Amino acid sequence: MTDAVPLPARVDPAAWAPHGAALRAYMEGDQEACLVVEDDFQRELLPVSVFFRTPEAFFPYEVRALELCRGRVLDAGAGTGCISLVLQERGHQVVAIDVVPEAVEIMRARGVHDARQADLFALRDEQFDTVLLLMNGLGLAGTVAGLPLLLQHLHRLVAPGGQVLVDSTDVATAPPPAVPPGRYPGELQFRLEFAERRGVSFPQLYADPALMERHARDTGWRSDVVFRGEHGSWLARLERL
């Protein structure tokens with residue numbers, strides 16, 4: 001891969017400002033804080049406490065991903081560092097990145113050794129044995145068209161013999177109520193809200209395993225689904241060919 005490879009649009013910090021405000025409110029004592037998550041079809045409240053979960057409360061796919069981690073790990077979209085802290089305890093060298101400044105401050109305060117405010121697509125000069133993209137990590141692609149661009153960029157970041165562990169949800173198991181003709185049902189627009197802060201909308205991709213496998217094969221990866229959960233959730237391991 002060369003530096004001429006195009007990338008999906010980078011994350012807009014304005015989209016995630018409500019998330020940062022919610023994390024700060026929780027840390028300052030609002031244990032009942034909830035983040036409003038809105039997509040094309042629904043609006044729901046997400047307890048901020050989920051971002052501070054302990055290992056006993058990890059989702060099953062996260063437990064499986066932790067089992068598969070090896071070597072130097074990039075935890076992309078690390079949030080408050082829940083996964084990174086466990087990996088550190090297990091002896092891994094971990095680089096934890098997030099675009100939300102409040103998240104990075106919290107990670108550092110909680111003891112994550114190498115926590116950086118960074119966009120995944122800005123990383124160019126480092127390589128890792130494992131790249132973790134969890135909590136719908138494929139969402140970073142934004143759209144189906146962005147998926148091969150994401151996979152090509154990940155090729156830069158993974159050392160020979162390395163892997164990517166990434167999860168998503170097959171929305172075909174519970175399709176949205178109305179999708180415009182010709183549009184992939186997993187291409188959604190999201191917006192976050194907390195208190196008086198309302199973020200700008202941003203695209204998120206939810207993919208089925210067959211779509212992932214097809215694009216992975218075309219961009220130099222072998223893709224294997226290593227976990228399937230409820231409501232269409234799945235975890236894949238990508239290995240460099």
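These numbers come from a predicted model, not from an experiment.
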Note to self: With side chain to side chain contact (heavy atoms under 4.5 Å, CB included) as the criterion, how do D167 and F227 come out once you've worked through the C-alpha distance, each side chain's angles and the decisive distance to 0.1 Å?
What the structure shows: CA-CA 9 Å; D167 77 294; F227 177 85; over 6 Å; no
Do [X] and [Y] land in one hydrophobic cluster if side-chain heavy atoms of ILVMFWY residues count as linked below 4.5 Å?
{"X": "V104", "Y": "L74", "result": "no"}
{"X": "I97", "Y": "M107", "result": "no"}
{"X": "L87", "Y": "V112", "result": "no"}
{"X": "V50", "Y": "L133", "result": "yes"}
{"X": "F41", "Y": "L192", "result": "yes"}

Between [X] (side chain only) and [Y] (backbone N and O only), is there a donor and an acceptor less than 3.5 Å apart?
{"X": "E187", "Y": "V144", "result": "yes"}
{"X": "D170", "Y": "G232", "result": "no"}
{"X": "Q127", "Y": "R156", "result": "yes"}
{"X": "H215", "Y": "L151", "result": "no"}
{"X": "E126", "Y": "V95", "result": "no"}
{"X": "D224", "Y": "V226", "result": "no"}
{"X": "H92", "Y": "R72", "result": "no"}
{"X": "H153", "Y": "L120", "result": "yes"}
{"X": "T130", "Y": "R70", "result": "yes"}
{"X": "R191", "Y": "G199", "result": "yes"}

For residues 55-68, which side-chain N or O atoms pair as donor and acceptor with protein atoms under 3.5 Å away, sequence neighbours left out?
from	atom 1	to	atom 2	distance (Å)
E56	OE1	T54	OG1	3.0
Y61	OH	M135	N	3.3
E62	OE1	R53	NE	3.3
E62	OE1	F59	N	2.8
E62	OE2	R53	NH2	2.3
R64	NH1	E67	OE1	3.1

Within a strict 4.5 Å, meaning less than it, do heavy atoms of the [X] and [Y] side chains meet?
{"X": "R43", "Y": "E193", "answer": "yes"}
{"X": "V225", "Y": "E213", "answer": "no"}
{"X": "S168", "Y": "W234", "answer": "yes"}
{"X": "H113", "Y": "V94", "answer": "no"}
{"X": "R240", "Y": "W221", "answer": "yes"}
{"X": "L35", "Y": "L45", "answer": "no"}
{"X": "T219", "Y": "L150", "answer": "no"}

Note to self: Once side chain to side chain donor-acceptor pair (under 3.5 Å) is applied, do any residues pair with Q31, and if so which ones, sequence neighbours excluded?
What the structure shows: Y26
Margin query: Suppose we screen for side chain to side chain donor-acceptor pair (under 3.5 Å). Which residues come up paired with R237, at least two apart in sequence or across chains?
Written below: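 In terms of side chain to side chain donor-acceptor pair (under 3.5 Å), with neighbours along the sequence ignored, R237 is linked to no residue.
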Nearest 0.5 Å, what's the [atom1]-[atom2] distance between [X] and [Y]?
{"X": "L23", "Y": "I106", "atom1": "CG", "atom2": "CD1", "value": "4.5 Å"}
{"X": "D30", "Y": "S49", "atom1": "CG", "atom2": "OG", "value": "10.5 Å"}
{"X": "L154", "Y": "Q163", "atom1": "CG", "atom2": "CD", "value": "12.5 Å"}
{"X": "L238", "Y": "L165", "atom1": "CG", "atom2": "CG", "value": "8.0 Å"}
{"X": "E38", "Y": "E44", "atom1": "CD", "atom2": "CD", "value": "10.5 Å"}
{"X": "F52", "Y": "C82", "atom1": "CZ", "atom2": "SG", "value": "7.5 Å"}

Checklist line | R228 atom CZ, neighbour heavy-atom count above 12 within 6.0 Å | finding: no
Checklist line | L149/F121 under side chain to side chain contact (heavy atoms under 4.5 Å, CB included): CA gap, chis, key distance, verdict | finding: CA-CA 10 Å; L149 305 181; F121 301 117; over 6 Å; no
Least distance between heavy atoms, [X] atom then [Y] atom:
{"X": "L134", "Y": "L235", "result": "CD2-CD1, 4.1 Å"}
{"X": "F202", "Y": "A15", "result": "CD2-CB, 3.6 Å"}
{"X": "Y206", "Y": "Y184", "result": "O-CE2, 3.2 Å"}
{"X": "A159", "Y": "D129", "result": "CB-OD1, 4.2 Å"}
{"X": "S223", "Y": "A216", "result": "CB-CB, 3.8 Å"}
{"X": "P18", "Y": "F194", "result": "O-CB, 3.6 Å"}

Next item on the list: Would you mind telling me which of L140, L147, N136 makes a side chain to side chain contact (heavy atoms under 4.5 Å, CB included) with L205?
Entry: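 Single side chain to side chain contact (heavy atoms under 4.5 Å, CB included) partner of L205 among L140, L147, N136: L147.
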Margin query: Could you go through D98 and W16, starting from their C-alpha distance and side-chain angles, then the distance that decides it, and tell me whether this counts as side chain to side chain contact (heavy atoms under 4.5 Å, CB included)?
Written below: CA-CA 10 Å; D98 205 288; W16 290 91; over 6 Å; no
Next item on the list: Report the C-alpha separation of T80 and R110 in whole Å, then their side-chain angles, then the decisive distance to 0.1 Å, and conclude whether the side chain to side chain contact (heavy atoms under 4.5 Å, CB included) test is met.
Entry: CA-CA 8 Å; T80 63; R110 297 180 77 192; 3.0 Å; yes
